[in-house]
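What follows is a short report on a single structure.
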Amino acid sequence: MEAGGQLTQSRRDHAAMIVKTDDPSRAIDLDLTFSCGQVFRWTKIEDGWVGIIGDSLVRLQQREGRLLVQSSAPLPKSRITSYLRLDDDLQSILKELSRDREFRKIVKSIPGLRILRQDPWECLASFVCSRNCRVPMIRRIVRNISQRFGKRVTWGDYLDHSFPEAEIISQASLSELASCGLRYGRRQARELKELARLICEGEIDFGALKDTSYAEAKARLMSFDHGVGNKVADCVLLFSLEKLESFPVDVWVARTVAELYHDHLRPDLVSKAARGRSLTPRDYREISDFGRSHFGRYAGYAQEYIYHWKRLKEGVC
DNA sequence: ATCCAGGATATCT
DNA sequence: AGATATCATGGA
């Protein structure tokens, strides 16, 4: 191919694709969406967010009523809109969730926060690693795993690594995994390896889980005793398996629900959650079930708004 | 130093 | 079935 053709090809790859977000139903705030603790591998560089979708390095820039998208390799626009869940009518969802004064206040303070549609394996691995960690540490662990086991991707000045396939992790050494910062000695490393193996062997089939009900998919994910309990399962179901009714409960959500909706919970649970005490499975179920019954089919969105609003208010992030 | 983090599991009563 | 003990680490 002649030089002119290559230049044209190169320009086409690096030209910014425009995704329109001017309609209120497609509103999105990248800062809120990437820093709300649902995903751990996007970083803000200058005025853009850089991360990986599939095997491509992607840079997203927020502009008035639109997003500018650039990537190291051509990506169909549908891949971007799917990842960002721009197919969710955010305006309608938030309207449906705004059933009380407290929640309307929350929505008003952080409009444009969206749930993403993540890769299930990366999401599962991330939240298995999340146990006993704060968000910045989760980010570091997931980054370490990617750097050590993922594929190197470069694009201009940017360098990053894809998240390693389950097959790679299923063959990784425990000590090498543990040295990425996983907790509890080699225990979490073993859990991650076992989960990777189950995925490779088809025992965990994300496609099938997407087509299953929330309750069945959750029971399946929790049935292996490899580090996936209530909380991790709910996060994976919400952030990567289309279960928007999932209502994950961590210490922040428990505390905030106890504060805002104390009339709906047992008094002893309210005081326990307010003090940040750890929850029993029964406590977890009570708060999570409340979330689903109060907010309905989009309870997961409500959970994420509550979580991020509280953390911003407390100055944690 | 002490406390805590987007908890899960094995082991009791 | 529901409470309790244990796991074990970087950072504030």
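Values in this document were obtained by computation on a predicted structure and should not be read as measured data.
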Over all strands shown, is [X] touching base, sugar-phosphate only, or nothing at heavy-atom distances under 4.0 angstrom?
{"X": "A:Y307", "value": "base"}
{"X": "A:N132", "value": "base"}
{"X": "A:V253", "value": "base"}
{"X": "A:C36", "value": "base"}
{"X": "A:Q188", "value": "nothing"}

Among the candidates [options], find the nucleotide nearest to the side-chain atoms of [X].
{"X": "A:T280", "options": "B:dA10, C:dT4, B:dG7", "value": "C:dT4"}
{"X": "A:D225", "options": "B:dT9, C:dC7, C:dT9", "value": "B:dT9"}
{"X": "A:R282", "options": "B:dT9, C:dA3, B:dA5", "value": "C:dA3"}
{"X": "A:M137", "options": "C:dT9, C:dG11, C:dC7", "value": "C:dG11"}

Would you please confirm or rule out a distance under 4.0 Å between OP1 or OP2 of C:dG11 and any side-chain N or O of A:R140?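 Result: yes.
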Donor-acceptor side-chain pairing of A:R311 and A:Y307 below 3.5 angstrom: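 The criterion, which ignores hydrogens and geometry beyond distance, is satisfied for A:Y307 and A:R311.
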May I have the distance from [X] (atom [atom1]) to [N] (atom [atom2]), rounded to whole angstrom?
{"X": "A:I138", "N": "B:dG7", "atom1": "CD1", "atom2": "P", "value": "7 Å"}
{"X": "A:R186", "N": "C:dT9", "atom1": "CZ", "atom2": "C1'", "value": "17 Å"}
{"X": "A:L279", "N": "B:dT9", "atom1": "CG", "atom2": "C1'", "value": "16 Å"}
{"X": "A:L269", "N": "C:dA3", "atom1": "CG", "atom2": "C1'", "value": "15 Å"}
{"X": "A:R187", "N": "B:dA10", "atom1": "CZ", "atom2": "C1'", "value": "9 Å"}
{"X": "A:R139", "N": "C:dG11", "atom1": "CZ", "atom2": "P", "value": "15 Å"}
{"X": "A:D250", "N": "B:dA8", "atom1": "CG", "atom2": "P", "value": "11 Å"}
{"X": "A:M222", "N": "B:dT9", "atom1": "CE", "atom2": "C1'", "value": "11 Å"}

Minimum side-chain heavy-atom gap A:L84-A:T33 below 4.5 Å: no
With sequence neighbours left out, what residues match A:H161 under ring pair (Phe, Tyr, Trp, His ring centres under 6.0 Å)?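 Expected list: none.
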Using the benzene-type ring in the case of Trp, are the ring centres of A:F295 and A:F103 under 6.0 Å apart? yes
By nearest heavy atom, map A:R131 and A:R134 onto DNA chain C; which one lands nearer the 5' end?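 Result: A:R131.
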What do the steps show when you test A:F127 against A:F239 for ring-ring contact (aromatic ring centres under 6.0 Å, His included), and what is the final call? CA-CA 10 Å; A:F127 281 97; A:F239 299 136; 5.6 Å; yes
Identify, between A:P136 and A:G227, the residue whose nearest nucleotide on DNA chain B lies closer to the 5' end.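 The residue closer to the strand's 5' end, by nearest nucleotide, is A:P136.
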Between A:N230 and A:R255, just flag the one whose closest nucleotide in DNA chain B comes earlier from the 5' side. A:R255
Roughly how far apart, to the nearest Å, are C:dG11 and B:dA8 at atom C1'? 23 Å
Roughly how far apart, to the nearest Å, are B:dT9 and C:dG10 at atom C1'?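 After rounding to an integer number of Å, I get 23 Å for this pair.
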Base paired to B:dA5 (Watson-Crick or G-U; both N/O distances under 3.5 angstrom):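 Base-paired to C:dT9.
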Any carboxylate oxygen within less than 4.0 angstrom of a Lys/Arg side-chain nitrogen, looking at A:R41 and A:E122?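 Salt bridge present between A:R41 and A:E122.
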